[in-house]
Amino acid sequence: QTSRAPAISVSAESCIPAGLRLGPVPGTFKLGKYLSDRKEPGPKKKVFFYVPPVFQVRMIRGELVDEAGSSALEWIGLIRAARNSQEQTLEAVADLPGGQIFYRALRDVQPGEELTVWYSNPLAQWFDIPVTATPTHDEKGEERYICWYCWRTFKYPNSLKAHVHFHCALSHGRPFLHHDH
């Protein structure tokens, strides 16, 4: 996500197999910069796994295309950042630190399921994105995540991680402090 435009919901039209890599992700990589605790309603785009006829027999290589036949490079940046691991279907990975970034399916993604992505642990460390977030419980017993710099609260761990990395004026680029510190 690279703009504040309404989030587009990108979902699978057919099964996307675990381990499939999409990409590379074009442009400046700022996954989560506009992540919110709320799931914003927005336009929907469906994508399906298509194996080009020349590869049908051996299934060596396939690509994801949208309903108009556009390649992943044209819509991959529209995939919403996952707020937590339960809704995450893809992870952002790179072959080498500083190399091209791809999205990899963490499991088989079923038809109708939304594609959401978050950093793999190595990529998060490379970008100095917090890897963990420890929840506390509010007065109603609901889990909340608190920024240890400015005390702002979040409903989801990745919202907190994105805040610390991109928005918290008090973190001053310092690495994330864990609850134990």
Side-chain angles (χ1 to χ4, degrees), residues 1-12 16 18-47 63-66 70-107 109 113-135 145 147-150 152-169 171-178:
Q1 287 172 286
T2 56
S3 70
R4 279 201 185 269
I8 290 181
S9 174
V10 179
S11 61
I16 297 171
L20 181 74
R21 283 178 27 144
L22 313 171
V25 178
T28 305
F29 192 69
K30 294 183 179 181
L31 176 64
K33 183 166 184 174
Y34 303 110
L35 181 60
S36 166
D37 274 345
R38 293 187 322 269
K39 188 173 178 181
E40 308 280 336
K44 296 188 181 327
K45 179 178 269 293
K46 290 185 177 182
V47 297
E63 69 173 311
L64 279 172
V65 297
D66 69 9
S70 302
S71 74
L73 289 177
E74 297 179 42
W75 51 260
I76 195 168
L78 303 176
I79 296 173
R80 187 174 64 82
R83 297 172 296 177
N84 58 35
S85 60
Q86 290 78 23
E87 72 178 22
Q88 182 179 354
T89 57
L90 309 170
E91 71 176 346
V93 297
D95 293 331
L96 300 169
Q100 290 185 312
I101 295 169
F102 294 83
Y103 291 167
R104 183 179 68 83
L106 292 171
R107 57 175 173 73
V109 180
E113 213 176 337
E114 183 180 7
L115 301 180
T116 58
V117 64
W118 194 250
Y119 298 83
S120 64
N121 284 349
L123 194 61
Q125 290 171 346
W126 172 255
F127 280 108
D128 201 24
I129 302 283
V131 175
T132 61
T134 305
Y145 297 84
C147 176
W148 297 106
Y149 300 110
C150 69
R152 184 171 167 193
T153 62
F154 298 87
K155 186 175 180 180
Y156 296 100
N158 292 350
S159 301
L160 167 63
K161 295 171 190 177
H163 163 77
V164 168
H165 181 73
F166 292 109
H167 303 293
C168 185
S171 73
H172 300 295
R174 292 181 296 220
F176 184 65
L177 292 177
H178 301 283

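Small disclaimer: the values here were computed from a predicted structure and weren't measured. Hydrogens, waters and symmetry mates play no part in the numbers below; they use all other heavy atoms, side chains included.
- Pairing each heavy atom of His165 with each of Asp128, the nearest pair is ND1-O, 3.3 Å.
- With a 4.5 Å cut-off on side-chain heavy atoms, Leu35 and Arg83 count as touching.
- The shortest distance between side-chain heavy atoms of Trp118 and Lys161 falls below 4.5 Å.
- Between Tyr145 and Asn84 the shortest side-chain heavy-atom distance does not fall below 4.5 Å.
- When every heavy atom of Ala105 is checked against every heavy atom of Ile16, the shortest pair comes out as CB-CG2, 4.4 Å.
- At least one side-chain heavy atom of Ile129 sits under 4.5 Å from a side-chain heavy atom of Phe127.
- A tilted orientation is assigned to the rings of His163 and Phe154, their planes being inclined by 30° to 60°.
- Thr89 places a side-chain N or O within donor-acceptor distance of the main-chain N or O of Thr116, the cut-off being under 3.5 Å.
- Gln125 has its side chain within reach of Val131: a pair of non-hydrogen atoms, C-beta onward, lies under 4.5 Å apart.
- Looking at Leu22, Val10, Val117, Leu115 one by one, the single match for side-chain contact (heavy atoms from CB on, under 4.5 Å) with Ile76 turns out to be Leu22.
- Here the side chains of Lys33 and Thr28 are not in contact, with every heavy-atom distance at 4.5 Å or above.
- Taking OG of Ser11 as the start and CD1 of Ile79 as the end, the distance is 10.5 Å to the nearest 0.5 Å.
- For the pair His167 and Arg152, the minimum side-chain heavy-atom distance is 4.5 Å or more.
- Here the OH-OG distance, from Tyr156 to Ser85, works out to 12.0 Å after rounding to the nearest 0.5 Å.
- Looking only at side-chain heavy atoms (C-beta outward), Trp126 and Ile101 stay at 4.5 Å or farther from each other.
- Residues satisfying the salt bridge (charged side-chain N to carboxylate O under 4.0 Å, His left out) test with Arg104, not counting sequence neighbours, are Glu91.
- Qualifying side-chain hydrogen bond (donor to acceptor under 3.5 Å, both in side chains) partners for Asp37, counting only residues two or more places apart in sequence or in other chains: Ser159.
- Nearest approach of Ala162 to Gly32, heavy atoms of both residues: CB-O, 3.2 Å.
- Remark: Asn158 CG to Glu87 CD distance equals 8.0 Å, nearest 0.5 Å.
- When all heavy atoms of Phe166 and Leu31 are compared, the pair lying nearest together is CE1-O, 3.4 Å.
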